[in-house]
Amino acid sequence: MTAPFVPLEPSRAVLGDEVYARLGEAILDGRLAPGERLRDQELAEWLGVSRTPVREALQRLERAGLVEVSPHRYTRVSHPNQQNDTMELVAFNMGLAVRMASARADADALELALERLDDVIAASRANDAAALAVASHSFFSVVIRASGNFALRQFVREYEFAIRRDMVGWQPFIECPIGRTAAYEEFRAAFVARDADRAESLLRSIHGLN
C-alpha cells in the first residue's frame with residue numbers, strides 16, 4: 001500500500017498532537033477507511049516517527065470512538081454509527097457554551113460569534129443542510145472559546161474528530177426552512193441580549209432537545 005502520509009518533521013512538531021491530528025484527518029477523509037487494520041509500526045514508518053506517539057494517538061482515537069481495539073487481535077478504524085448520540089451531545093454542549101459565553105464573552109468575542117451565527121441563519125434560510133452543518137460547527141467553535149471554560153474546550157477538542165465524522169449527512173431537526181430560520185433569529189436576539197436561560201433553551205429546542 002502506498003504510504004498515505006507525508007513524514008513529519010519532529011523538530012517542528014509536538015509529536016503526540018501532530019500524530020493524533022494526522023491520523024484523525026486520515027480517518028475523516030477516507031485514507032484510513034472503516035474496518036482498515038492499523039499497525040503501529042507501519043503507521044510510524046509512514047509518518048517518520050517512533051511507535052510511542054502512534055500508540056498514544058491510537059489510544060486517544062479509541063477513546064473518541066474512531067478506532068476500535070480487540071486485545072491481541074486487531075486495532076482498526078471503526079464504522080460510524082453513533083450520529084444520534086453525537087448530535088445529542090453536541091446540542092447539549094452547545095447550550096452550555098452559549099450559556100457561559102452569554103455571561104462571559106467580551107464585546108469582540110460576542111461580535112465574532114454573531115458573525116458566525118449570521119452564517120448559520122443564512123444557510124438555514126437557503127435550506128442548505130451541508131452549509132448549515134459547517135456554519136454551525138464554526139459558530140460552536142467560536143462560542144466554546146468565548147465560554148472561558150477550559151474543561152469544556154478540552155472535552156470538545158478530544159472529541160472533535162468523532163463529532164465531525166458522525167455529523168456527515170446530518171439533517172436539521174426543524175425541516176421547514178422558514179420556521180427553522182425564525183427560530184435561529186429568535187435565538188440570536190436572546191444571545192445578543194445575553195439572556196443565557198432563553199438562549200440555551202432556544203438552541204436546544206432548535207435541535208429537538210426540549
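No hydrogens, no waters, no symmetry mates; every other heavy atom, side chains included, goes into these values.
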Taken in chain and number order and not counting sequence neighbours, the residues that satisfy side-chain contact (heavy atoms from CB on, under 4.5 Å) with S138 are R116
Open item on the list: Can you confirm whether the side chains of T181 and R125 place a donor and an acceptor under 3.5 Å from each other?
Closed with: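 No pair is found: no donor N or O on one side chain lies under 3.5 Å from an acceptor on the other.
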Report, as yes or no, whether the 6.0 Å neighbourhood of atom CD on Q154 holds more than 12 heavy atoms from other residues, nucleotides or ligands.
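Count over threshold, so yes.
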Q) Does the side chain of V77 come within less than 4.5 Å of L66's, by heavy atoms? A)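 Result no, sub-4.5 Å side-chain heavy-atom pair not found.
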R188 side chain near D118 side chain, heavy-atom distance below 4.5 Å:
yes
Residues 47-61 vs salt bridge (Lys or Arg N to Asp or Glu O under 4.0 Å), sequence neighbours excluded, gives D17-R60, D40-R51, D40-R55, R60-E158
**Report entry** Contacts of D197 that satisfy salt bridge (Lys or Arg N to Asp or Glu O under 4.0 Å) - sequence neighbours left out
**Finding:**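 Expected list: R99.
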According to salt bridge (Lys or Arg N to Asp or Glu O under 4.0 Å), who are the partners of E68, at least two apart in sequence or on a separate chain?
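R76.
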- Only counting residues at least two apart or in another chain, list the ones meeting side chain to side chain donor-acceptor pair (under 3.5 Å) with E186.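 R198.
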Exercise for review: Hey, can you tell me if H207 and Y184 have their rings parallel, tilted or perpendicular (30° and 60° cut-offs)?
Suggested key: perpendicular
Distance-only donor-acceptor pairs under 3.5 Å for side chains of residues 100-114, two or more places apart:
{"unit_1": "S102", "atom_1": "OG", "unit_2": "V98", "atom_2": "O", "d": "2.7"}
{"unit_1": "R104", "atom_1": "NH1", "unit_2": "S147", "atom_2": "O", "d": "2.9"}
{"unit_1": "D106", "atom_1": "OD1", "unit_2": "D108", "atom_2": "N", "d": "3.2"}
{"unit_1": "D106", "atom_1": "OD1", "unit_2": "A109", "atom_2": "N", "d": "2.7"}

ask   = So which heavy atom on I206 is nearest to which on F173, and how close?
value =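 Of all heavy-atom pairs spanning I206 and F173, the closest is O-CB, 3.5 Å.
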**Message:** Looking at R164 and E25, is any side-chain nitrogen of the basic one under 4.0 Å from a carboxylate oxygen of the acidic one?
**Reply:**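 Counted as a salt bridge, because a side-chain N and a carboxylate O are separated by less than 4.0 Å.
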Practice item. Run the salt-bridge test on R31 and E36 with the 4.0 Å N-O cut-off and return the result as yes or no. Key: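 No.
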